[in-house]
Structure formats: C-alpha cells, structure tokens
**Q** 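First the structure, then my questions, so here it is.
Labels below follow one simple rule: chain letters A, B, ... track the order of the sequence lines, proteins then strands, and each chain is numbered from 1.
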There are 2 protein chains.
Amino acid sequence: MPFQLTDESLSFFIEKCKRNKLKITPQRIVIYKELLKSTDHPHAEALHKRIKKIIPGISLDTVNRTLLTFAKIGIVKNVEGYGEPRRYDPKIEKHHHFRCIECNAIIDFEYKPYDDIIVPGDIQNRYFILNRKVLLEGYCDKCGKKR
Amino acid sequence: MPFQLTDESLSFFIEKCKRNKLKITPQRIVIYKELLKSTDHPHAEALHKRIKKIIPGISLDTVNRTLLTFAKIGIVKNVEGYGEPRRYDPKIEKHHHFRCIECNAIIDFEYKPYDDIIVPGDIQNRYFILNRKVLLEGYCDKCGKKR
DNA sequence: CTACTATATAGGAGTTAATCTTAATTGTCA
DNA sequence: TGACAATTAAGATTAACTCCTATATAGTAG
C-alpha cells in the first residue's frame, strides 16, 4: 500500500506543535510529512533534496533547524551516534556503554548477559550479525544531581 | 595505582603493527599510549591536544589518520560518535536498530524482550536510566552477498 | 653500517556538515 | 485586520575532517 499521511498523524503533529508554541508553517508540515514516509533514516541534506521538489526555494538551513526542533519536542528521533565527532575507545574487549544525554559522557561497563544477547530470528536469518551492543542512556551522576 | 603502559600492551601493539605492515613511528607509539590511558572515549582533537605536550609539532591530521588506521587493524574501536552527518528517525515508538558496517544502512526492528532489558545493579544505582537500546551490527543482506 | 624504497608526516588547502547573522516574511492572536 | 513575535532564506562562519604535496624516516637488503 502506498504511503499516506493520515489525519491522525497530521493532527498529532499539529497538537504537538501547539503544545510547544511552534508555528505551523508550510515548511514544517512538508518536512514532517517527508520524514514520516522515509524508512532510511535520512540526514538533513538527503531530506532537503527530496523536499525541494515540493518547495523549491526551501533552504538547507531550514531543514536542519526544523529537524533539530522536531527532535527537541520529541516528534522525531536522532539516530544514536550520528552528528557527532568520531570518538575512539582503547578497550577492545567486549563491553557496553552508558551515555549521558546531558554531558555526552560515555561510560564503559561489562555485563556478561548482554554479550550474547539473543537475536530475533528474522534478523538472524536476514543479516549477518557480528556485534551486539547494549546502549543505556540517561543522566550520569553529575548531571543527575544538577537537576 | 597510576597508569603504566605495560610491556605486554606495547608488544601487543608492535606485534599488530608488524602483522599489518605498519611502521612503528614515534607518533604512532605516543598516540596509542595516550589513547590507551584515556577513559573518556576522546575524539581526535582532544587527543591531539594531549599529545602535543609530548610531541609539540605533531599535526592533527596525523592523529586523525593514525586513529583511523588503528581502528582498521582493530587495536582501537570507533564508538558512538561516528563522525557522520546527523540522521533522523520518524519512528518514535520503542524500537532497536541493526546497522550495516559496510553500507551504513540502518534497519529498524521491534523486539519486546529488548525493551525492558535488565540493567546491572551498579549502573542502575549510579545513573538515572531513561532508555535502553540494543544495537546489532554486521552485514545487511545486500552487502553480505557481495562478499 | 649504508643505501634504498615504500611509508609516513607536517602543513596547508579543500570539503562537507552544521550553525550563526541579518533582513525580510509570515503565522498567530488580540 | 493589524501588530508582533516567530520563522525563513541567503550568505558568512565554524567545526571536523580529508586531501595534497614535499620532506623525512622506518624497515630491509646488501
């Protein structure tokens, strides 16, 4: 079935914008619609290319800014690990990470039960899995105290 | 106890370099040592700053290039913070990701058992956990076939 | 120990993605 | 409808690499 923006998702969008005192502009509607029908987790530039077919004059900055705004009010998500400088870890033994969403600290921890966590059958069948990581996110002790 | 680069880790480093036909340069030794004693998953720029105290003339490009090389031969790891453009996900319901390490595709999947995965006690006690995600990595169907 | 060669490095130029600035425009609400 | 605060486009700026090239150096073969 072809994608269709339901009244439901549009009113969810409008509702959320209003609640956050964001104006409903044509740019925002189109950006939201376009991301909503994307399954490839696009970056701003890719989305901008698609959106220009609908609003030719739209600037890349607007797409960027709008996506950040959407992420802030929680109607879209930022895919973990992207949009940040590359970071390196000297620890090559199997381990997992806790990441503070405030100060961006990454803390290593080991926990055997996570190492061989069961992979769902359909994923196991379709893809060749080399690595399983658990990422816990929240506030670290320092940032948690401040709040 | 203060950090010390053991003979063991140095010979592991030398061994790995030789096996991969990499020259053992003073720059590489210092970069490896410096990353090895870092617990903050630094990015190249941060590491460059620390290393300049030891080799004042070292260029940022060398640090960058060397870290990538180290990651390629597997003596260090690239962690969240992949140095790639920010990507967005319209799916706000709880879900997890498979990521192809070849073509960088990200594929969503849902799997209830991951959603409330048990958090180790010491992590639970020290940090305020808001979110638990499992990241599976490997080759997608397309990239798997090519190999 | 010396000479050779393939690598690696420094430094600067070039890119790409993201962010900021400013002036013009446009939703929103009285 | 009008006023105003929010939003936009366009271009400048910044950040984080990445590429280029001339010089230097580690490994190794004699």
Side-chain angles (χ1 to χ4, degrees), chain A residues 10 13-32 34-35 41-73 75-76 78-79 81-88 104, chain B residues 10-11 13-32 34-35 41-73 75-76 78-88 104:
Chain A
L10 194 58
F13 170 72
I14 289 170
E15 160 63 16
K16 274 285 196 171
C17 283
K18 286 196 171 156
R19 192 189 299 274
N20 288 278
K21 300 192 200 312
L22 294 183
K23 292 182 178 171
I24 318 287
T25 67
Q27 290 89 339
R28 283 182 175 159
I29 293 173
V30 172
I31 292 169
Y32 183 69
E34 201 61 34
L35 180 60
H41 310 80
H43 48 262
E45 179 131 12
L47 217 44
H48 180 232
K49 220 174 261 177
R50 296 173 207 170
I51 291 168
K52 269 201 295 192
K53 289 176 189 163
I54 305 164
I55 309 180
I58 197 169
S59 76
L60 175 58
D61 184 53
T62 296
V63 176
N64 253 311
R65 206 174 356 86
T66 302
L67 289 170
L68 281 178
T69 307
F70 286 173
K72 207 174 291 172
I73 67 169
I75 61 175
V76 310
N78 227 297
V79 179
Y82 290 86
E84 287 176 58
R86 209 174 267 128
R87 295 175 71 167
Y88 293 92
N104 226 354
Chain B
L10 194 58
S11 60
F13 169 72
I14 289 170
E15 160 63 17
K16 274 284 196 174
C17 283
K18 286 197 171 156
R19 193 190 298 274
N20 289 278
K21 299 190 199 312
L22 294 183
K23 291 183 177 170
I24 318 285
T25 66
Q27 289 89 339
R28 284 182 174 158
I29 293 173
V30 172
I31 292 169
Y32 182 69
E34 201 60 33
L35 180 59
H41 310 80
H43 49 263
E45 180 131 12
L47 216 45
H48 180 232
K49 218 174 263 177
R50 297 174 206 168
I51 292 169
K52 269 201 294 193
K53 289 177 189 160
I54 305 164
I55 309 181
I58 197 168
S59 74
L60 175 58
D61 185 53
T62 296
V63 177
N64 255 308
R65 205 175 357 86
T66 302
L67 289 170
L68 280 177
T69 306
F70 286 173
K72 206 174 293 170
I73 68 169
I75 60 175
V76 310
N78 190 215
V79 298
E80 299 85 14
Y82 300 123
E84 284 181 59
R86 211 175 265 128
R87 295 175 70 166
Y88 292 92
N104 225 352

**Q** Does the distance from a Lys or Arg side-chain N to an Asp or Glu carboxylate O, for B:R19 and B:E15, drop under 4.0 Å?
**A**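 Result for this pair is yes, salt bridge flagged.
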**Q** Measure from NZ on B:K23 to P on D:dA24 and round the result to the nearest Å.
**A**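 Spelled out: NZ on B:K23 to P on D:dA24 is 15 Å.
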**Q** Ignoring hydrogens and angles, answer whether the base of D:dC19 and the side-chain atoms of B:D61 contain a donor-acceptor pair closer than 3.5 Å.
**A**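 When only heavy-atom distances are counted, B:D61 does reach the base of D:dC19 through a donor-acceptor pair under 3.5 Å.
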**Q** Would a 4.5 Å heavy-atom cut-off, applied to side chains only, mark B:I58 and B:V30 as touching?
**A**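 They are not in side-chain contact.
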**Q** Under 4.0 Å, counting only non-hydrogen atoms across every strand here, what does A:L60 touch: a base, just sugar-phosphate, or nothing?
**A**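 The residue A:L60 makes no contact with any strand.
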**Q** Starting from C1' on C:dG27, measure out to CZ on A:F13 and report it in whole angstrom.
**A**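 That distance rounds to 13 Å.
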**Q** Look at B:T25 and C:dT9 and indicate whether a side-chain polar atom (N or O) is within less than 4.0 Å of OP1 or OP2.
**A**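 Yes, because at least one side-chain N or O of B:T25 sits under 4.0 Å from OP1 or OP2 of C:dT9.
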**Q** Ignoring backbone atoms, test whether B:Q27 places a side-chain nitrogen or oxygen under 4.0 Å from the OP1 or OP2 oxygen of C:dA10.
**A**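 Checking B:Q27 against C:dA10: at least one side-chain N or O falls below 4.0 Å of OP1 or OP2.
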**Q** Among the nucleotides D:dT8, D:dA9, C:dA17, which one has an atom lying closest to any side-chain atom of B:P85?
**A**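 For the B:P85 side chain, the nearest candidate turns out to be C:dA17.
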**Q** Quick one: label A:P26 by what it contacts on the DNA or RNA (base, sugar-phosphate, nothing), any heavy atom closer than 4.0 Å.
**A**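 Contact class for A:P26: sugar-phosphate only.
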**Q** Phosphate oxygens OP1/OP2 of D:dA16: is one of them under 4.0 Å from a side-chain N or O of A:R86?
**A**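 Negative; the distance criterion is not met.
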**Q** So what does A:L67 hit on the nucleic acid, given a heavy-atom distance under 4.0 Å: a base, only sugar-phosphate, or nothing?
**A**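 Nothing: the residue A:L67, judged by heavy atoms under 4.0 Å, touches no strand.
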**Q** For a quick check of understanding: with a heavy-atom distance under 4.0 Å over all strands, which category does A:E45 fall into, base, sugar-phosphate or nothing?
**A**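 Here A:E45 touches the backbone only, sparing every base.
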**Q** Would you call the rings of B:F70 and B:Y32 parallel, tilted or perpendicular if under 30° counts as parallel and over 60° as perpendicular?
**A**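 If you compare the ring of B:F70 with that of B:Y32, the planes turn out perpendicular.
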**Q** Return no unless some side-chain N or O of A:R65 is found under 4.0 Å from OP1 or OP2 of D:dT7.
**A**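 No.
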